[in-house]
2 protein chains.
Amino acid sequence: MLTILHHAAQLVGIAAAGECSVLANGSLLIRNGIIEWAGPAAEMPPITEDERDITWIDAQGKVVLPGFIDSHTHLLFAGSRVDEFEQRLRGMSYAEIMARGGGILRTVERVRRASKEELKALARPRLQRMLQFGVTTIEVKSGYGLTPADEIKCLEAIAELNAEGPWELVPTFLGAHAVPPEYRSNREGYIRSLCETMLPEIARRGLADFCDVFCEKDVFSIDESRRILKRARDLGLRLKLHADELSPLGGAELAAEMEATSADHLLCISDQGIDALAASGTVATLLPGTAFFLGRAYAPARRLIERGVTVALASDCNPGTCMTENLPLIGSMACMQMGMSPGEVVTALTRHAAAALARSDRLGSLAPGKQGDGIVCNVPDYREIFYHFGINHVECILKRGRVVHTS
Amino acid sequence: MLTILHHAAQLVGIAAAGECSVLANGSLLIRNGIIEWAGPAAEMPPITEDERDITWIDAQGKVVLPGFIDSHTHLLFAGSRVDEFEQRLRGMSYAEIMARGGGILRTVERVRRASKEELKALARPRLQRMLQFGVTTIEVKSGYGLTPADEIKCLEAIAELNAEGPWELVPTFLGAHAVPPEYRSNREGYIRSLCETMLPEIARRGLADFCDVFCEKDVFSIDESRRILKRARDLGLRLKLHADELSPLGGAELAAEMEATSADHLLCISDQGIDALAASGTVATLLPGTAFFLGRAYAPARRLIERGVTVALASDCNPGTCMTENLPLIGSMACMQMGMSPGEVVTALTRHAAAALARSDRLGSLAPGKQGDGIVCNVPDYREIFYHFGINHVECILKRGRVVHTS
């Protein structure tokens, strides 16, 4: 099976390292789902196959990029939290919203009551919308179950949705998203349940690639987070951390210490935290949609980049603090609100996002040998994707070399 | 011709005054393009027409609202300014960008070279995108021609695009958008050309409803703006003003003094300016997309609302400082960044936007007697349109009672 995207006005992100590469008038050959060749259209190798086995895609006047990767989402959930949204706009504090039964635990209650099939049915249109915005690989976290059975129900739902495709899903266990109400006076009991019951079973069944912890004042402390992450690492899971979102607790430093694959949010990261990430190679995953949704200050993207940290961008799609599947819009926010250049944004949504999912070997660029995940955008310059914002410019999506969506 | 939208989960914006009205399980009757009845589905008057003359639209589980109105755009233009966008992100000042041939005058150069047909062909997909986001009435400004012939070319293009429909366009003459290069050492000559050549011909030919002026330091002063607006008013045009965008120059006070229909931007409006608008009834049209695009502080929406000013929201769609046709996203920004409630945003995008175009008699609500401009959104609660952001929830659009788009 051969797929040929030819004569793109710009072929973006061929390089598997360094700055975002932009090749004018480029073509791309994908054989059996793997990129075989990428280069100037005039230099394309001769094709000897029977024409009937070839899918030709004319990309003249258009831009071809690697499929976008959303490396941080909570998109498996039940129940809208639109009333909480309005309460916050009217000045209510998160503490007051919690006191009225809002916040994460409200979603937990809805997810516990939902069946696996119901959760899958609710997630499918969200995945479909993400795909339409050019996102071909999506991390999805559990963390709204908070019992062994409900967390496993969620991770099984993610596995089954992954099998349905065409999207590729990366499952993350986030049992340490909150202490559930039944353990409110017994935190230790919940942490034991995480470490002794949930993590071993999830690891044994291969239900998660990553273990993540919401490390924050009044959620899980640095010491508790370290303990959970260590247990996960010992069981063979890779690590992520919700770090320094609401306060500079030292989450970035902990992520670096634990050799986590990524530290996420980082709105309040300290200079020491930045240095720690730069030294450890842990990816900083920034989620500007959440800062936008909550009207907060954005993460210090420029300082992170200038000090050598690998910066990825993700949506944080979730019902409480960032209800969107529009990842290119997150890229526009990164430009306009955090001063990232369009090239930095493309890299943050592709190669660096692949690194945040420990899938750099296969995903994140259009270099030969990588998986054939690409998108065609109906703009003549890739920067238009972020400049001309709030508009979906994606018109054709390939996953493993197959056209899985056209608009 | 009868169009019936029935059993909407919410029928929003029936009231022609007061706070945003939300009626559960509502129906709407539109006869010959005019709303005849709106109310609880159970109370719908009996229909005696032959069924074949009726378009039935089932709105169960969905929200019906008045068509959105974009009361401030510069969408008739040629040429992208994406490189300027990147220059700004890399820290270049507007003065430096201008020195490199960027800014408004770059678009002026492209528009002067374009034919009327070319300008229309470039504008059509923008209008189509706006329509798809539920915008049924759109103000369009000239202001990239800056010669009598080029300004009239642009206004004729707007008139011809309006005649094409299905959108309804409101033309504004913005000859006072910048002093063109050929008048750089003769400002007085350009103002005379505006007042003595362009305005009289435009008024005589009925090519514009409004005259607008970019009142700003280094553009048109308060005194120059007053002089141009007075001339326009004497010729029978209504007035708008780009006011207090970059500095608190007193534009809002001038707009109030001149009884302008709207004062737009207002990022730097003073307390006296707010009081003046409240007293005059001049609509404050806020353009948060521009603040977002430029990374600037937003206009003080809450202070304006609390002091009794009528607040509208618009896109400011233009290639230099806000390249988007996504008006609902502007509404999300107003919620999340300016603290407006979803109800205030709906009113700002409909009834108050109609007031900003002096078309309150016909447009902006679903009250009986108004024009049958409505949209159906595939959400069960109107607040989801802004909460679930960056996603187009509009699935059916009516203009004058006719279905003009379905997704």
Side-chain angles (χ1 to χ4, degrees), chain A residues 80-91 125-126 129-130 132-133 289-296 298 302 315 317 319-320 322-330 332-345 378-392, chain B residues 80-91 125-126 129-130 132-133 289-296 298 302 315 317 319-320 322-330 332-345 378-392:
Chain A
S80 169
R81 277 161 57 195
V82 70
D83 43 0
E84 226 173 275
F85 168 69
E86 179 151 21
Q87 286 162 0
R88 193 184 312 104
L89 294 179
R90 292 186 184 278
R126 294 176 199 137
R129 278 190 285 268
M130 286 205 171
Q132 287 168 5
F133 282 110
T290 311
F292 173 79
F293 191 96
L294 298 175
R296 301 191 58 218
Y298 294 85
R302 285 250 60 84
S315 73
C317 176
C322 190
M323 191 56 229
T324 191
E325 297 94 345
N326 187 340
L327 193 59
L329 177 59
I330 300 298
S332 291
M333 289 179 185
C335 291
M336 295 158 187
Q337 300 293 314
M338 306 201 301
M340 289 174 68
S341 72
E344 288 169 342
V345 168
N378 191 14
V379 287
D381 181 321
Y382 75 98
R383 300 173 303 177
E384 295 264 353
I385 299 166
F386 310 109
Y387 157 79
H388 190 170
F389 70 99
I391 303 299
N392 191 358
Chain B
S80 169
R81 275 161 58 194
V82 69
D83 44 359
E84 227 173 277
F85 168 69
E86 178 152 20
Q87 287 163 0
R88 193 185 313 102
L89 295 178
R90 292 186 183 279
R126 295 176 198 136
R129 278 190 285 267
M130 286 204 171
Q132 287 168 6
F133 283 109
T290 310
F292 172 79
F293 191 96
L294 297 176
R296 300 190 58 218
Y298 294 86
R302 286 251 59 84
S315 73
C317 176
C322 191
M323 190 57 229
T324 192
E325 297 94 345
N326 187 339
L327 193 59
L329 177 61
I330 301 298
S332 292
M333 288 179 186
C335 290
M336 295 159 188
Q337 301 293 315
M338 307 201 301
M340 289 175 69
S341 73
E344 287 169 342
V345 168
N378 190 15
V379 287
D381 181 322
Y382 76 98
R383 299 174 304 176
E384 294 266 352
I385 298 166
F386 309 109
Y387 157 79
H388 191 169
F389 70 97
I391 303 299
N392 191 357

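Excluded from the calculations below are hydrogen atoms, water molecules and symmetry mates; all remaining heavy atoms, backbone and side chain alike, are included. Numbered from 1 within each chain, the chains take letters A, B, ... in sequence-line order.
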### Task
Measure distances from A:M338 to the heavy atoms of chain B and classify the residue's part below 4.5 Å as side chain, backbone, both or neither.
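Neither the backbone nor the side chain of A:M338 comes within 4.5 Å of chain B.
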### Message
Heavy-atom pairs under 4.5 Å with chain A - which of B:G339, B:S341, B:P380, B:C317 has more of them than the others?
### Response
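Most heavy-atom pairs under 4.5 Å with chain A: B:S341.
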### Message
Go through it in stages, so that I can follow the logic: the residues are B:R126 and A:H388, the test is side chain to side chain contact (heavy atoms under 4.5 Å, CB included), and I'd like the CA-CA distance, side-chain angles, deciding distance and then a yes or no.
### Response
CA-CA 11 Å; B:R126 295 176 198 136; A:H388 190 170; 5.8 Å; no
### Query
How far apart are the closest heavy atoms of A:G390 and B:N326, and which atoms are they?
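It is O-ND2, 2.9 Å.
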Do [X] and [Y] have side chains that get closer than 4.5 Å, going by heavy atoms?
X	Y	answer
A:E384	B:M323	no
A:P342	B:L89	yes
B:I391	A:F133	yes
A:M336	B:R88	no
B:F389	A:L329	yes

Per-residue contact mode, [X] against chain A (heavy atom under 4.5 angstrom):
X	answer
B:P319	both
B:R302	neither
B:D83	both
B:R383	both

#### Entry: When A:G343, A:G91, A:C335 are compared by non-hydrogen pairs under 4.5 Å with chain B, the top option
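When all of A:G343, A:G91, A:C335 are compared, A:C335 has the most.
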### Query
Has the side chain of A:Y387 got a donor or acceptor atom that lies under 3.5 Å from a matching backbone atom of B:C322?
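No; zero donor-acceptor contacts below 3.5 Å.
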### Task
For the pair B:Q337 (side chain) and A:F292 (backbone), establish whether a donor and an acceptor sit closer than 3.5 Å, ignoring hydrogens and angles.
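Yes; judged by distance alone, with no hydrogens or angles, the pair exists.
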### Query
Once you round to the nearest 0.5 Å, how far does OG of A:S332 lie from CZ of B:F85?
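A:S332 OG to B:F85 CZ: 6.5 Å, rounded to 0.5 Å.
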